[in-house]
Structure formats: C-alpha cells, structure tokens
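All remarks here apply to the structure that follows.
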Protein chains: 2
Amino acid sequence: MKENLRPGGRSARVQASVHKAVRELLAEMSRTDVTIPLIAGKAGVTPSTIYRRWGDLQELLADVAVERLRPDMQPIDAGSGKADLEAWAEQYAEEMSSGPGREMIRDVLAAQTGENACKCCEYTRQQIVVIADRAKVRGEIFPEVDLVMDQLVAPIMYRILFGDVPDSARVRDLVTRVMSAGGRA
Amino acid sequence: MKENLRPGGRSARVQASVHKAVRELLAEMSRTDVTIPLIAGKAGVTPSTIYRRWGDLQELLADVAVERLRPDMQPIDAGSGKADLEAWAEQYAEEMSSGPGREMIRDVLAAQTGENACKCCEYTRQQIVVIADRAKVRGEIFPEVDLVMDQLVAPIMYRILFGDVPDSARVRDLVTRVMSAGGRA
DNA sequence: GCCATTAACGCAAAGAATTTGCCTTTGCGA
DNA sequence: TCGCAAAGGCAAATTCTTTGCGTTAATGGC
C-alpha cells in the first residue's frame with residue numbers, strides 16, 4: 001500500500017468527497033437507509049469506485065467513524081490530575097453514550113479490520129497520557145496510564161456497549177477509585 | 001411480541017433450522033461469504049421468511065451469536081473465591097479472544113438491537129454472581145459483583161475489542177487487584 | 001372436537017445493490 | 001516527454017432484498 005494521499009492526488013479527492021457525503025447523509029437520515037449507491041451519487045463517483053476501495057458499507061462507515069472519533073482538542077486543564085481526569089471522563093462518557101457516539105463506536109467495532117478499533121483506543125490513550133504528563137510536571141502522584149485504561153476507560157466503554165449507560169456519579173466513582181488505587185509519583 | 005416458541009410450534013422449528021444452518025455455514029466458510037439466500041437454502045426455508053423474521057443478516061447473526069455465548073456450565077469450583085475467579089477469568093479471556101469468540105462478540109455488538117448485548121453481559125454477570133455466592137457461603141471476603149464487572153470483565157473485554165489480546169499474566173493481575181481492592185464480607 | 005381468526009410461511013415478480021470486465025484517466029518516475 | 005501502474009468510469013451480469021398475494025398451521029372460542 002502506497003497510501004497515495006497527497007493533498008492534490010486523485011485518491012485523496014475521492015476519499016474526501018466520499019467521506020463528506022457519508023457525514024452529510026448520516027446527518028440527514030437514518031443509518032440503515034444509507035446505501036453505497038446513495039453515497040456515490042452524492043459524492044459524484046460511481047458505486048464501483050467505493051466497492052473497490054472500501055469493500056463494503058461497513059468498512060466505509062468505520063473509516064468515517066474513526067475519523068470523527070479523533071479528539072479535536074487536548075483535555076482541559078482543571079488544575080489537578082484528579083480534576084482533569086474527572087472532567088475528561090465525564091465528557092468522554094457523555095459523548096460516547098450519546099446516540100451518534102454509540103453508532104460511531106458500533107461502526108468501528110463492526111468492521112472486519114481491527115485496525116480502526118486500535119486507532120480509536122489509541123486516541124483515548126493519548127488523551128490520558130496528556131493528563132498524566134501534566135500531573136507529573138506538577139509533581140503530583142498519578143496512576144499508570146494502563147491502570148487508567150483498565151479501571152476507568154474500560155468500565156465506561158463496557159457499560160456503553162453492553163446496554164447500561166454510566167451516569168456522572170458512577171464516572172466520578174471510577175475516577176476516585178483509580179486515583180486512590182494505583183497512585184505513584 | 002408473543003414469542004410463540006413452544007417446542008412443537010412452526011415458528012420454533014423454523015428458528016431451530018435456521019440457527020442450525022447458520023452455525024454450520026459459519027463453521028465451513030468465512031463469515032463474509034455467508035448470505036441469507038445461502039442460509040435459507042440450507043435451512044429449507046425461503047429467504048423471505050428470514051428477511052421477515054430477522055430483518056437482515058446482522059440481526060440473525062447476532063441472534064445466533066448470543067445463543068452461543070451463553071455459558072453451558074457453572075464456573076468450576078477451585079476451592080476459594082480468588083481461585084474460582086482466576087480460573088473463570090482465564091477461560092473467559094481465552095474463549096472471547098479466540099477467532100470465533102471475537103466474531104461472536106462483534107456480531108452481537110453490531111446488531112442494532114442492544115437487547116442481545118445486554119443478554120450477553122447478563123450471562124457474564126450471572127457467572128460472577130455464582131462465584132460470589134459460593135465465596136459468601138464459605139464465609140470468605142469477596143468483592144461486590146459490580147466491582148468485578150468494572151475491574152475484571154470490562155478491562156478484558158475492552159482489550160479484546162480494541163485490538164490488544166490480554167494474556168494470562170495480565171488476567172491474573174486483574175484478579176489480584178480486584179480481590180485486594182474491594183473485599184468485604 | 002370443530003370452526004373462525006390470525007400470524008407465519010412459500011412463491012414469484014419487481015426493485016435495488018454488488019460484482020466484474022474493459023476501457024480511460026491520472027499521477028508518478030524514468 | 002513518455003511509459004507504467006494504480007485508480008476511476010461505465011455498463012452488463014449477477015445476486016440480494018423487498019413486497020403482494022395466496023396458502024398453511026397454530027390458537028382460542030364454542
């Protein structure tokens with residue numbers, strides 16, 4: 001794979017217009033009504049182009065979803081590691097358990113390629129790393145990033161995926177627990 | 001929904017033969033090659049029957065997957081709460097991270113109906129409850145079931161879903177942590 | 001036990017999506 | 001500039017999905 005995605009390339013243009021078409025269609029109709037011929041029409045390409053590049057609708061949706069799941073900013077600085085983590089976790093839980101959030105996660109996980117799911121996990125991890133680094137610079141005690149992934153991110157995501165939306169109180173509990181459980185310099 | 005599934009009913013027969021056909025087809029070919037007409041042919045029904053009952057392939061696969069994810073036995077008794085949990089968690093992680101295991105989870109999560117995912121989570125929870133009850137009968141200290149779900153099951157599942165297969169050592173660490181973290185009578 | 005009711009299925013035709021072969025265009029490097 | 005290789009357009013063939021209508025099987029009242 002050569003990943004011919006230089007800004008001016010034809011591949012890049014096609015990808016951009018197809019992604020844009022998907023985002024617009026998802027915004028204006030139900031996910032189950034979106035089809036590849038529809039996307040192709042809106043994007044100004046032929047369906048066969050999409051089939052050849054993405055294989056099927058599932059993969060295309062996963063591709064678009066993972067892009068939308070990329071954080072668009074650093075976690076806000078709330079003054080301390082715990083406050084940072086609390087603020088971040090609440091926002092994360094809220095975004096991910098919203099209708100569109102759940103659909104994006106589903107799209108990412110439903111794709112055959114595990115690659116997109118990895119990316120998605122990596123984005124989250126990076127956010128935690130930023131918070132952890134900030135805490136370390138302040139000289140605070142902060143748990144290992146892996147511990148936060150296991151004890152905070154994983155439970156939030158598990159509940160969202162398996163039917164039970166976590167509320168703010170529970171998220172705060174999780175934060176408190178992870179902060180007291182594995183702290184170290 | 002009336003759930004006309006008495007053993008002798010026609011609905012029950014159709015469901016059984018369709019499920020069986022799906023299981024057999026999944027065993028002998030790739031998931032992406034399985035189609036509804038194929039299943040219908042093998043099950044001895046017409047495709048329209050399947051479309052009307054399940055809606056699409058995704059829902060049917062989810063239906064079959066959740067059935068296969070139902071535990072077929074109680075967690076083994078290894079002598080103590082911690083040993084029970086360790087044995088159970090290792091087996092769970094292994095089954096779920098195997099190729100077929102991952103596919104079943106994906107199928108369940110990819111379906112639009114969250115119902116199947118809930119069931120799946122409930123099955124797991126029940127297994128933990130059994131282990132917890134057994135520990136309590138023995139007079140042992142054992143953590144709350146919710147805590148075990150958050151700190152053991154969720155991390156295992158998160159890693160499986162988002163690309164990183166947990167090995168035995170990590171599973172044991174998780175068990176140790178949850179046993180020491182939240183123990184109570 | 002028999003008949004009316006209704007939900008589910010089979011069949012087949014119509015409609016929509018997917019695959020594929022072949023040709024053209026585009027971007028890249030010699 | 002030219003040739004090469006990768007990607008896209010087009011259209012035909014195939015396959016899947018939807019739907020209307022008639023039939024069958026299970027259920028409940030009598």
Using the 3.5 Å cut-off, write out each protein N or O paired with an N or O of nucleotides 9-13 of chain D and the distance between them.
unit_1  : atom_1 : unit_2   : atom_2 : d
dG9(D)  : OP2    : Thr46(A) : N      : 3.2
dG9(D)  : OP2    : Thr46(A) : OG1    : 3.3
dG9(D)  : OP2    : Thr49(A) : OG1    : 2.4
dG9(D)  : O6     : Arg52(A) : NH2    : 2.6
dC10(D) : N4     : Ser48(A) : OG     : 3.0
dC10(D) : N4     : Arg52(A) : NH2    : 3.3

Contacts under 3.5 angstrom, residues 85-93 of chain B side chains, donor-acceptor by atom type, not counting sequence neighbours:
unit_1   : atom_1 : unit_2    : atom_2 : d
Glu90(B) : OE2    : Arg172(B) : NH1    : 3.2
Gln91(B) : NE2    : Glu95(B)  : OE2    : 2.8

Exercise for the section: For DNA chain D, determine which residues of residues 18-42 of chain B have any heavy atom closer than 4.0 angstrom to one of its atoms, and list them numerically. Expected result: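 Of all residues in residues 18-42 of chain B, the ones placing a heavy atom under 4.0 Å from DNA chain D are Thr35(B), Ile36(B), Pro37(B).
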Problem - Closest non-hydrogen atom pair, Val45(A) against Val14(A) - result: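 Here Val45(A) and Val14(A) meet closest at CG1-CG1, 4.2 Å.
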Exercise for the section: Evaluate whether atom CD of Glu122(A) has more than 12 neighbouring non-hydrogen atoms of other residues, nucleotides or ligands under 6.0 angstrom away. Expected result: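 Yes.
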Problem - Pairing residues for Asp150(B) by the salt bridge (charged side-chain N to carboxylate O under 4.0 Å, His left out) criterion, not counting sequence neighbours - result: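 Per chain and number, Asp150(B) pairs via salt bridge (charged side-chain N to carboxylate O under 4.0 Å, His left out) with Arg159(A), Arg170(A).
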Exercise for the section: Can you sort out the partners of Asp56(A) under salt bridge (charged side-chain N to carboxylate O under 4.0 Å, His left out), two or more places apart, ordered by chain and number? Expected result: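 Listed in chain order: nothing, the list is empty.
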Specify the separation, in whole Å, of atom [atom1] of [X] and atom [atom2] of [N].
X: Arg53(B); N: dG10(C); atom1: CZ; atom2: C1'; result: 15 Å
X: Ile50(A); N: dA17(C); atom1: CD1; atom2: P; result: 12 Å
X: Trp54(B); N: dA8(C); atom1: CH2; atom2: P; result: 12 Å
X: Gln15(A); N: dA6(D); atom1: CD; atom2: P; result: 18 Å
X: Arg13(B); N: dT24(D); atom1: CZ; atom2: P; result: 15 Å

Problem - Gln58(A) side chain near Gln112(A) side chain, heavy-atom distance below 4.5 Å - result: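 In short, these two side chains do not touch, never coming nearer than 4.5 Å.
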Problem - Asp63(B) bridged to Arg53(B) by N-O distance under 4.0 Å - result: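 Looking at Arg53(B) together with Asp63(B), the answer is no, because their closest N to O distance does not fall below 4.0 Å.
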Problem - Presence of donor-acceptor pair under 3.5 Å, side chain of Arg10(A) and base of dA7(D) - result: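 Indeed there is one.
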Practice task
Write out all pairs satisfying side chain to side chain donor-acceptor pair (under 3.5 Å) with one or both partners inside residues 97-107 of chain B, taking only residues at least two apart or from two chains.
Solution key: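 Those involving residues 97-107 of chain B are Arg31(B)-Asp107(B).
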